[in-house]
Amino acid sequence: YQRRVHGTLSECLFFFAMLQLSLIFVLIHKFLAENVSLAVVLPLVDLRGRQNLHALQLAADYVNADPALLPNHQLILKFYDSGQLRSQTLAVGVVLLNERPAVALGCIWSRLTTALAEMLGAAQIPILSFVSSSPQLSNEIMFPTHSRVNPSDVYQGQILANIVNHFKWTSIVTLCTNEPYGLEVIRQLRERLPENVAVKYTSFPVDVTEDDTRALLMKLSRSYSPAFVAAIGDFGLVRRILRLARELGMFAGTAWILSDSANMAGLGAADEGVLTLNTRLPPGAMERLQRMLEAYQPRVDVPGSVNTPLTSSVAFGFDAVTLVARAVDAVVRAGGSPIDGVAVLAAMRRVRFDGITGHVALDETGERPGPYNVLNLRSGQWHHVAHSTSDTLSWNSSVVWSGGVTRVPGVLPTVVRIGLIYPFGKFSAHAHVLCVD
């Protein structure tokens, strides 16, 4: 009996000793594993910035749990608040020049991303955007290390031209703010329109007052154009313009088209008939990511990030982390260093995989072309009515314009010519009947 007890105790001690040894090996492995540092630069005052904190960390945890990716390495995210000011973003850039992360992710706003990308480019530190869409960032001379997983605004202008051409409008009004986003989208739009389309071009300062906005719209109301196309990054300004247009009687019987789907926020039933563009994602992608985030125990304590409707930037952010991990993995397996910016940048542009946002593949310039959905606001709800690339436009539903009508604004009613019988059996074709539906 004593021998049996002795044997059982020995087995227990042996088991616990092996367990402790395994834990020690795990800790040693984790200690010896080389950290791959990614810098995440986001404005925490912005909803998209707060939402992305959780999604980015979730993506990093997925990478670290995958034995096929970055073996003997830990992907570490370091978060930096860019705020809303260029000066604060540049201060973060100075820190990154000293710390030299493998890649910097961010920012949300293009004006901040351009500032950071210019600084990091001089130091050969790759920067990957997942929200910033300004075409200015495609300039490889100014921003040699910049890439992005979200489409450039160049495609928005081209798709807006597809819509104008589809409805055969020969006169439109364009509105944009005096900043790179709006100016470039409208430039791309105008370049793709045929010569017979008259474009009344209007731009104004980002900080335009309400009185000046009203005066501008009153002047534009005399143009009698059937369509207004707005490329404005300030969502509050967009809502103000639509409200004033309704007050001035410019809304009913007129098409209003917004370039950026972020303008969807805050629009309601009063804005019925508005069209906007939204980056096209695989069916169920956002719902899948929402479930993943709701089940995730976040390690980044930022309130109000998960339980609000997700923007597409969250999905692009998730895929951005995966893209970087695969690129760094390729560099390390080839015997390179995670902080070799030139090698990592080249690898990022070779990586191919299927992610949350669909097939992820950058071209040789670091751009990712992507299709868009065309959305129509009806009774306070957004409906998918078409999808488009820079060259194609396919409709799956008719558009309901302001006032609940389906007749295209600016398209004249059908004109039927009839002959009036004159004496002696002669016919004349000088009468017109307007058939109004």
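All figures in this text were calculated on a predicted structure; none of them were measured in a lab.
Nearest heavy atoms, A315 versus I356: CB-CG2, 3.7 Å. Closest heavy-atom contact between L112 and Q84: CD2-O, 4.1 Å. Heavy atoms only, all atoms of each residue included: V344 and P338 are closest at CG2-O, 3.5 Å. For S82 against V41, the heavy-atom pair with the smallest separation is CB-CG1, 3.6 Å. Shortest non-hydrogen contact noted between W382 and V274 is CZ3-O, 3.9 Å. Here the closest non-hydrogen pair linking F251 and E272 is CE2-O, 3.4 Å.
For the residue pair N373 / H387, no side-chain donor-acceptor distance below 3.5 Å is found, with atom types taken as modelled. Counting only N and O atoms by type, the side chains of S132 and T113 include a donor and acceptor under 3.5 Å apart. Between the side chains of R190 and T174, no donor N or O sits under 3.5 Å from an acceptor N or O. Using modelled atom types and a 3.5 Å distance limit, the side chains of E99 and Y80 yield a donor-acceptor pair. When only modelled atom types and interatomic distance are considered, Q156 and Y181 share a side-chain donor-acceptor pair under 3.5 Å. For the residue pair S313 and N52, a side-chain donor N or O sits within less than 3.5 Å of a side-chain acceptor on the partner. Neither side chain, N35 nor S37, offers a donor N or O lying under 3.5 Å from an acceptor on the other. A side-chain N or O of E179 and one of T177 form a donor-acceptor pair less than 3.5 Å apart. Checking E367 against S138 by side-chain atom types alone, a donor-acceptor pair falls below 3.5 Å. For R148 and S133, the side-chain atoms include no donor-acceptor pair closer than 3.5 Å.
For the pair L244/E210, a side-chain contact is recorded, criterion being any heavy-atom separation below 4.5 Å from C-beta on. Within the 4.5 Å cutoff, the side chain of L267 has heavy atoms near those of the L258 side chain. Side-chain contact between V408 and W169: present, with at least one pair of heavy atoms (C-beta onward) separated by less than 4.5 Å.
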Legend entry - Stepwise side chain to side chain contact (heavy atoms under 4.5 Å, CB included) test for I172 and L193: CA-CA 11 Å; I172 65 170; L193 294 177; 3.9 Å; yes
Inset, instruction - Apply side chain to side chain donor-acceptor pair (under 3.5 Å) to the pair Q57 and D61, showing each step before the final yes or no. - result: CA-CA 6 Å; Q57 187 61 62; D61 288 350; 3.2 Å; yes
Legend entry - Worked verdict on R192 versus N162 for side chain to side chain contact (heavy atoms under 4.5 Å, CB included): CA-CA 8 Å; R192 295 287 288 260; N162 292 344; 4.1 Å; yes
Inset, instruction - Decide yes or no on side chain to side chain contact (heavy atoms under 4.5 Å, CB included) for V173 and S223, but give the supporting numbers first. - result: CA-CA 8 Å; V173 174; S223 68; 3.5 Å; yes
Inset, instruction - Output, in order, the C-alpha distance, side-chain angles, deciding distance and verdict of side chain to side chain contact (heavy atoms under 4.5 Å, CB included) for I108 and L42. - result: CA-CA 6 Å; I108 294 293; L42 297 172; 3.9 Å; yes
Inset, instruction - Could you go through the salt bridge (Lys or Arg N to Asp or Glu O under 4.0 Å) check for D319 and R326 one step at a time? - result: CA-CA 11 Å; D319 283 349; R326 288 174 175 267; over 6 Å; no
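Shown here is L90, whose CG atom has more than 12 heavy atoms of other residues, nucleotides or ligands within 6.0 Å. Surrounding CE of M218 are at most 12 heavy atoms belonging to other residues, nucleotides or ligands under 6.0 Å away.
When each of R239, R246, R243 is tested with D271 by the rule side chain to side chain donor-acceptor pair (under 3.5 Å), just one qualifies, namely R246. I125 pairs in a side-chain contact (heavy atoms from CB on, under 4.5 Å) with only one of the listed residues (I339, T145, L97, V103), which is L97.
Checking side-chain atoms of H166 against main-chain N and O of V164 turns up no donor-acceptor pair under 3.5 Å.
A salt bridge links E184 with R187: the closest approach of a Lys/Arg side-chain nitrogen to an acidic carboxylate oxygen falls below 4.0 angstrom.
Taking the six-membered ring where tryptophan is involved, the planes of F228 and W256 are essentially parallel, since the angle between them stays under 30° and well short of 60°.
Residues meeting the salt bridge (Lys or Arg N to Asp or Glu O under 4.0 Å) test with R214, sequence neighbours left out: E247.
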